[in-house]
Every structure is written in C-alpha cells, then in structure tokens.
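First comes the structure, then the notes that go with it.
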Amino acid sequence: MRKNIVAGNWKMNKNFQEGLDLVNELKEKVVNPNCEVIVCTPFIHLACAADELEGSVIAVGAEDCSTHESGAYTGEVSAAMIKSTGAKYCIIGHSERRTYFKESHEMLKEKVLMALKNDLRPIFCVGEVKEQREQGIQNSVVEAQIKESLFNLTAEEFAKVVVAYEPVWAIGTGLTATPDQAEEIHAHIRSLIAAKYGKEMAENTTILYGGSCKPSNAKELFAKPDIDGGLIGGAALKADDFCGIINAF
Ligand code: PEP
C-alpha cells in the first residue's frame, strides 16, 4: 500500500533561528499524524532540523541537490552532503528550478540518480505552465517530464521515488487545481507508471498534489483516489496552517 505524505517546501525562507523555531513548533504540534510528514528546508537548516526531529514523526528533506558527486563546484551541495545531515528526502525538479535555473530533463535525471545513489528518496516534481494547460497539452507535458527523467530507473530504484504533480499556474498564486483537474493528471501519471513498471508499482507510488494547497482545500483534494497527499509551499511556513493540512488526513 502506498503512503500518504504531507511535505513542506520552505523554499528560500526562514533564517537559522526562524527555521529552528518552526521545527520546534511542528515537533510539538504534529502528534500521531495519519500520514507521513516531511519538511524540506534550505540547506542551512538540514542538520539542525534533522537533529531536533530525530525520533519524531517528522522527516527532513532538502529542496535540491547537485548533479555532481563532489569537488570544485563552488556553491553546490551534493547528495552525499545532504545525506550526512540526517535528511532522508530531496525535492528534485521543482518548477522554480526548471524555470529560473534552466534545469533540463537530462540534469534532473542525473540529480535523481545522485539522490538514489546516496540513499535519499527523490520527491520529483512535474507540472505544466498556464499556456500549456490552455492548449490542453498538460498530459503530454507531464508525460515527457516523467519519461525523460525517471523512466531510465530500474524498478528497485523507481520504488523509492515520490512524484509531485504541481501545475505551475497554481504555485504560490492562490489558484488551485480543482480536485477533478488534479485527479485527472494523477490518474494519468499512475497509468504511465503502470505501463512502464506494472500495476503493482503504480498502486504503490505516492503521488502528491502541490499548488496553493491550504487547510481549507486539502481535504477535498486528498479525498480523490489518486491524490496521496500534498507538497506544500506557502502554507508550510506557519505551523498551524501546515498542521491543518496534515489533519486533512
Ligand atoms: C510549491 O512550491 O511546491 C508549492 C506548492 O507552493 P504553494 O503551496 O505556495 O503554491
């Protein structure tokens, strides 16, 4: 059976003390969740967050990793370095990285392999921009993102991947995909996985929704059969909002 997950993506927010405060507030407030809970933080918080949350129900993840193993790549952070902090997950292919940092299918494929090699579970993001939805090509956009960066994986490797469908037009805009719009793509993603890796793998893969998810709409989204939780941006920055989404399960 696949896991339900609520994962926060702090993006480039919270200084060191603010991050520590949020982690401690979450540790207090997230008790017996009915889903797995992950906080994905900027690199500066990882070691401290993982230390504070050790033994709690909350896991820690990074927001990106380098395509490189180690060496002279000033400013980069490798998957091995992330793993050494105690983090267990790594977001890869967020639309902000695809757009602002020109991350290609090929680069993302390398990042996924780096994460897996270092025993980090990738949270792999896919999603169409507004114009692509207007043209009705969202299914083929998402299909290409998945095929080009994930379908080189062995079944054993793919089993460790969490997929996050995040329509770019819904990220940070207050616009949310309707539960039916999201469900349609989630079901399509699951069918692609079934065709490549078989029905059992498809049934066991966690597919998250992301894009202006909040306490007031989470329940309706998570009620859909192929939506297994959320990747949460803005609402992950306040403990009460994040807990409200977790409690939708
Ligand atoms: C995100 O950045 O992954 C995200 C879903 O952001 P928001 O919830 O703010 O739309």
Side-chain angles (χ1 to χ4, degrees), residues 2-12 14 19 23 26 35-71 73 75-98 101 103-126 145-146 148-166 189 193 197 201 204-208 210 228-233 236:
R2 58 186 180 258
K3 281 187 199 164
N4 290 324
I5 298 177
V6 172
N9 171 18
W10 290 5
K11 311 194 187 194
M12 197 173 74
K14 306 282 178 197
V23 158
L26 289 172
C35 60
E36 191 166 326
V37 178
I38 306 165
V39 288
C40 296
T41 78
F43 296 128
I44 64 149
H45 299 294
L46 288 176
C48 196
D51 196 33
E52 287 294 327
L53 294 170
E54 167 119 56
S56 82
V57 292
I58 307 174
V60 173
E63 298 176 12
D64 182 35
C65 70
S66 176
T67 51
H68 302 289
E69 201 130 6
S70 66
Y73 300 101
E76 285 281 89
V77 176
S78 73
M81 290 155 78
I82 293 167
K83 180 66 189 177
S84 75
T85 66
K88 296 197 165 65
Y89 290 84
C90 186
I91 295 175
I92 293 175
H94 192 280
S95 65
E96 287 149 17
R97 299 225 46 102
R98 291 178 189 264
F101 304 99
E103 296 195 350
S104 63
H105 295 322
E106 188 56 36
M107 271 176 88
L108 297 176
K109 180 169 144 183
E110 288 172 29
K111 289 187 178 199
V112 168
L113 286 170
M114 271 301 172
L116 289 169
K117 193 173 164 192
N118 288 282
D119 196 25
L120 289 171
R121 292 190 62 185
I123 301 175
F124 186 76
C125 302
V126 296
Q145 291 169 333
I146 289 184
E148 296 293 327
S149 303
L150 294 182
F151 278 4
N152 58 303
L153 298 176
T154 63
E156 200 188 334
E157 288 167 338
F158 189 86
K160 299 190 177 113
V161 175
V162 173
V163 177
Y165 168 60
E166 300 205 301
I189 293 171
I193 299 167
Y197 294 103
M201 179 75 83
N204 288 334
T205 303
T206 297
I207 308 177
L208 307 179
D228 309 314
L231 180 56
I232 317 299

Report the residues that fulfil side chain to side chain contact (heavy atoms under 4.5 Å, CB included) with V77, sequence neighbours left out, ordered by chain and then residue number. F43, M81, I82

Can you name the residues that form a side chain to side chain contact (heavy atoms under 4.5 Å, CB included) with S104, not counting sequence neighbours? E106, M107

pair N9-I232: side-chain heavy atoms closer than 4.5 Å: no

Sorted by first residue and then second, give each salt bridge (charged side-chain N to carboxylate O under 4.0 Å, His left out) pair with at least one member in residues 54-69; sequence neighbours left out. D64-R97, D64-K111, E69-K117

Go through the structure and list residues passing ring-ring contact (aromatic ring centres under 6.0 Å, His included) with Y73, not counting sequence neighbours. H68

Which residues satisfy the side chain to side chain contact (heavy atoms under 4.5 Å, CB included) test with A80, sequence neighbours excluded? S78, N118

Y165: partners by ring-ring contact (aromatic ring centres under 6.0 Å, His included), with sequence neighbours left out: H186

Quick one: list whatever passes ring-ring contact (aromatic ring centres under 6.0 Å, His included) with Y197, sequence neighbours left out. F151, F158

Counterpart residues, side-chain hydrogen bond (donor to acceptor under 3.5 Å, both in side chains), relative to E36 (two or more places apart): K3, Y89

The criterion is side-chain hydrogen bond (donor to acceptor under 3.5 Å, both in side chains); which residues satisfy it with E76, sequence neighbours excluded? S66

Please examine the side chains of I58 and I38, heavy atoms only from C-beta on, and report whether any two atoms are closer than 4.5 Å. no

Taking C-beta and beyond as the side chain, do V161 and L153 meet within less than 4.5 Å on heavy atoms? yes

Taking the side chain as every heavy atom from C-beta outward, state whether C40 and I123 have any atom pair closer than 4.5 Å. yes

Within a strict 4.5 Å, meaning less than it, do heavy atoms of the D228 and I5 side chains meet? no

Among all residues two or more places apart in sequence or in another chain, which pass the side-chain hydrogen bond (donor to acceptor under 3.5 Å, both in side chains) test with K160? none

Taking C-beta and beyond as the side chain, do L231 and E166 meet within less than 4.5 Å on heavy atoms? yes

D119: what forms a side-chain hydrogen bond (donor to acceptor under 3.5 Å, both in side chains) with it, not counting sequence neighbours? K83

Show me, pair by pair, the donor-acceptor contacts under 3.5 angstrom made by side chains of residues 44-53, not counting sequence neighbours?
{"residue": "H45", "atom": "NE2", "partner": "K14", "partner atom": "O", "Å": "2.9"}

